[in-house]
Protein chains: 2
Amino acid sequence: MKCPLNYTMGLIGTKWKPLILFHLLDGGLRSGILQRKIEGISNKMFTQTVRELEKDGLITRTIFPVVPPKVEYKLSKRGQSLESILRSLDKWGLQDSEINN
Amino acid sequence: MKCPLNYTMGLIGTKWKPLILFHLLDGGLRSGILQRKIEGISNKMFTQTVRELEKDGLITRTIFPVVPPKVEYKLSKRGQSLESILRSLDKWGLQDSEINN
DNA sequence: TAACTATATTACTTTTAAGTAAGTTATTGT
DNA sequence: ACAATAACTTACTTAAAAGTAATATAGTTA
């Protein structure tokens with residue numbers, strides 16, 4: 001009895017992916033800015049994670065040919081479709097932590 | 001800028017937790033039945049995961065003193081509060097996989 | 001020409017997650 | 001007395017995730 005939830009978790013079921021997607025909800029950000037918003041992430045994991053999100057078509061990556069380089073990440077249409085889920089997860093955390101901590 | 005989503009992911013951000021919670025949405029199940037619904041999970045991971053969910057107060061564990069043993073898991077109130085999120089994740093997977101596969 | 005910038009990549013190590021297979025418990029039916 | 005049962009538990013191994021630190025790039029400015 002495989003359920004679609006398996007599929008969803010295969011795409012976004014990691015420590016960092018939902019966080020990165022969440023921080024792009026209000027619009028595209030350049031790489032460094034986005035990375036600084038994700039507290040605790042290492043440089044390696046940041047790059048690795050955004051690459052996977054790009055490969056899976058959840059975000060887009062735009063390179064501006066300037067020096068020093070400028071790279072912007074933003075949600076794709078597919079990534080946008082996770083908006084209400086991401087906001088719900090965040091909201092749940094807020095409410096739950098008020099009750100249980 | 002820490003966001004509550006971090007907290008949420010700390011509680012349910014693993015491979016198996018959302019699956020287990022999801023399969024309890026329609027009511028409590030005894031251990032063996034629940035485990036058989038989670039395809040691909042090993043015995044060890046099943047026990048380990050339900051124990052963590054119990055420790056975090058997302059599910060309850062009821063032991064019936066019979067032989068052979070009977071143990072029932074069900075969502076706690078706190079676990080129930082994840083219902084709409086879990087169903088949304090499942091629904092998203094269904095819709096997304098229809099589009100992208 | 002050397003330092004500075006933003007974005008990444010690589011090699012290496014550590015940590016955590018997960019899997020395998022065998023063993024435990026306590027009673028009931030044979 | 002011993003096999004069957006459901007629900008674990010344990011020791012051990014393997015695989016995956018994550019961290020650290022050094023390095024690359026290539027124009028710009030001091």
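Since the model is a prediction, treat every value here as computed from it, not as a measurement. Below, read A as the first sequence line, B as the second, and so on, with proteins coming before strands; counting in each chain starts at 1.
Shown here are the salt bridge (charged side-chain N to carboxylate O under 4.0 Å, His left out) partners of B:Arg78, two or more places apart in sequence or in another chain: A:Asp96.
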5' to 3', nucleotides 20-30 of chain D under a 4.0 Å protein heavy-atom cut-off (B base, S sugar-phosphate only, - none) gives B-----BB---
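Taking CD1 of B:Ile38 as the start and OG1 of B:Thr49 as the end, the distance is 9.5 Å to the nearest 0.5 Å.
With rounding to whole Å, A:Leu34 atom CG is found 15 Å from C:dA6 atom P. Atom CD in A:Gln35 sits roughly 12 Å away from atom P in C:dT9 (whole-Å rounding). Between A:Lys17 atom NZ and D:dA16 atom C1' the separation is 13 Å, expressed in whole Å. To the nearest angstrom, C1' of C:dT7 lies 8 Å from CZ of A:Arg61. For the pair B:Phe64 CZ and D:dA7 P, the interatomic distance rounds to 11 Å; values are reported in whole Å. For the pair B:Ile41 CD1 and C:dT20 C1', the interatomic distance rounds to 15 Å; values are reported in whole Å. The distance from atom NZ of B:Lys70 to atom P of C:dT25 is 24 Å, rounded to the nearest whole Å. Taking atom CZ of A:Phe46 as the reference point, atom P of C:dT9 lies 12 Å away to the nearest angstrom.
Residue A:Ile33 is the one, among B:Thr49 and A:Ile33, whose nearest nucleotide of DNA chain C lies closer to the 5' end (criterion: closest heavy atom).
Side-chain N or O atoms of B:Asn6 include one that pairs as donor or acceptor with a backbone N or O of B:Cys3 at under 3.5 Å.
Under 4.0 angstrom from either OP1 or OP2 of D:dC8 there lies at least one side-chain N or O belonging to B:Ser31. Taking 4.0 angstrom as the limit, B:Arg51 places a side-chain polar atom (N or O) nearer than this to OP1 or OP2 of D:dT9. Phosphate proximity of D:dC8 to B:Tyr73: present, with a side-chain N or O under 4.0 Å from OP1 or OP2. Using a 4.0 Å cut-off, some side-chain N or O of B:Arg30 falls inside it from OP1 or OP2 of D:dA7.
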Side-chain donor-acceptor distances from residues 60-73 of chain A under 3.5 Å, at least two apart:
from: A:Thr60; atom 1: OG1; to: A:Lys74; atom 2: O; distance (Å): 3.4
from: A:Arg61; atom 1: NE; to: A:Tyr73; atom 2: OH; distance (Å): 3.3

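Ion pairing of B:Lys37 with B:Asp26 is absent here, as no side-chain N (NZ or NE/NH1/NH2) approaches a carboxylate O to less than 4.0 Å.
The nearest pair of heavy atoms linking B:Trp92 to A:Ser81 is NE1-OG, 2.9 Å.
Across C:dA6, D:dG19, D:dC8, the shortest atom-to-atom separation from the side chain of A:Lys15 is found for D:dG19.
Transitive grouping of hydrophobic side chains (ILVMFWY, heavy atoms separated by less than 4.5 Å) keeps A:Leu94 and B:Leu11 in distinct clusters.
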